[in-house]
Amino acid sequence: MTRKMLTSILLAPALLVTPALAADVMNTPEEKAMAAADEIITMRSTLAAEFIKPGAVIDEETFKKVCGAVAKRAKDITEKTGVKIRHAAVKNRNPVNAADERERALIEKFEADKDLSETWEKFDSEGKSFKRYTRPIFVEEACLACHGSKEARPEFIKTKYPDDKAYGFKEGDLRGIISVTVPAE
Ligand code: HEC
């Protein structure tokens, strides 16, 4: 018997009266959603800080190690766990990430309240109920290498994203949101 199984059995009666403990032993869809958002946000800032150094050449290879690697990992998590991860922005770069009406409202909410760190909402789609967990993504110094002034954008961005709107940010600006959708029980 594993330690985790043993812990579950020992804690089972306690869980009936103290639901707060449940997070320690269960991997609910909600926990999966929060873990996925957290991993993606942390991954992007860690990689940007690692690969964007003063004097470093910023090109498509750099992108593949930062936002490119993050997009790949998000896809990977979706395939492995079934949670649906989406990035959205009003000032988007990839057209796929253009905020829809609901996402725009969420972005405005985070814009208006910089202390708001997450939201949960329930919605129905095609007869099924879902829960959406959303977190804001903020611009850090390292992001400016590709999301700073329009002219300073690396060449590959200017050519590959003709409708790019994801520039002109300052450190601390809201860059967009990440949403993770899971089925609601
Ligand atoms: C090396 C260049 C580069 C750096 C550095 C970089 N990004 Fe990006 N970012 C891009 C490119 C290119 C895309 C478009 C990716 C795609 O086609 O899916 C993108 C897309 C995004 C998206 C998806 C939404 C959209 O507009 O398509 C977010 C969110 C984002 N970046 C945030 C950040 C943040 C936050 C940082 C710093 C922690 C950062 N980026 C650093 C190049 C970069």
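For the single chain, residues carry numbers from 1 onward in sequence order. In each ligand, atom 1 is the first atom listed, and ligand 1 is the first ligand listed.
Ligand 1 is approached by Phe138 to a heavy-atom distance shorter than 4.0 Å. Within the structure, ligand 1 lacks Val139 among the residues with a heavy atom less than 4.0 angstrom away.
Ranking protein heavy atoms by distance to atom 37 (C) of ligand 1, first place goes to Cys143 SG, 1.9 Å. The nearest heavy-atom contact from the protein to atom 22 (C) of ligand 1 is Arg175 NH2, 3.5 Å. Nearest non-hydrogen protein atom to atom 4 (C) of ligand 1 is Cys146 SG, 3.3 Å. Among protein heavy atoms, atom 13 (C) of ligand 1 sits closest to Arg93 CD, 3.5 Å. Closest protein heavy atom to atom 34 (C) of ligand 1: Arg44 CD, 3.2 Å.
Residue Ser45 has no nitrogen or oxygen atom sitting less than 3.5 Å from a nitrogen or oxygen atom of ligand 1, judged on distance alone.
Ligand-side atoms of ligand 1 in range of Ile52: 5 (C), range being under 4.0 angstrom from any heavy atom. With ligand atoms numbered from 1 in the order given, ligand 1 contributes 23 (C), 24 (C), 25 (C), 27 (O) to contacts under 4.0 Å with heavy atoms of Asn97. Which parts of ligand 1 touch Ile137 is read off a 4.0 Å heavy-atom cut-off, strictly below it: atoms 29 (C), 35 (C).
Among Phe63, Tyr161, Phe156, the residue whose heavy atom lies nearest to atom 17 (O) of ligand 1 is Tyr161. The closest heavy-atom contact to atom 30 (C) of ligand 1, among the options Pro95, Ala98, Cys67, Gly148, comes from Cys67.
With a 4.0 Å heavy-atom cut-off, ligand 1 is reached by the backbone of Asn94 and by its side chain too. Only the backbone of Ala142 comes within contact range of ligand 1, with a heavy atom under 4.0 Å; no side-chain atom does. Under 4.0 Å from ligand 1, the heavy atoms of Ile58 that appear belong solely to its side chain. With a heavy-atom cut-off of 4.0 Å, Ala48 touches ligand 1 through its side chain alone. Residue contacts with ligand 1, taken as heavy atom pairs separated by less than 4.0 Å, involve His147 solely via side-chain atoms from C-beta onward.
Phe63 and Phe156 have tilted rings, their planes meeting at an angle from 30° to 60° on a 0 to 90° scale.
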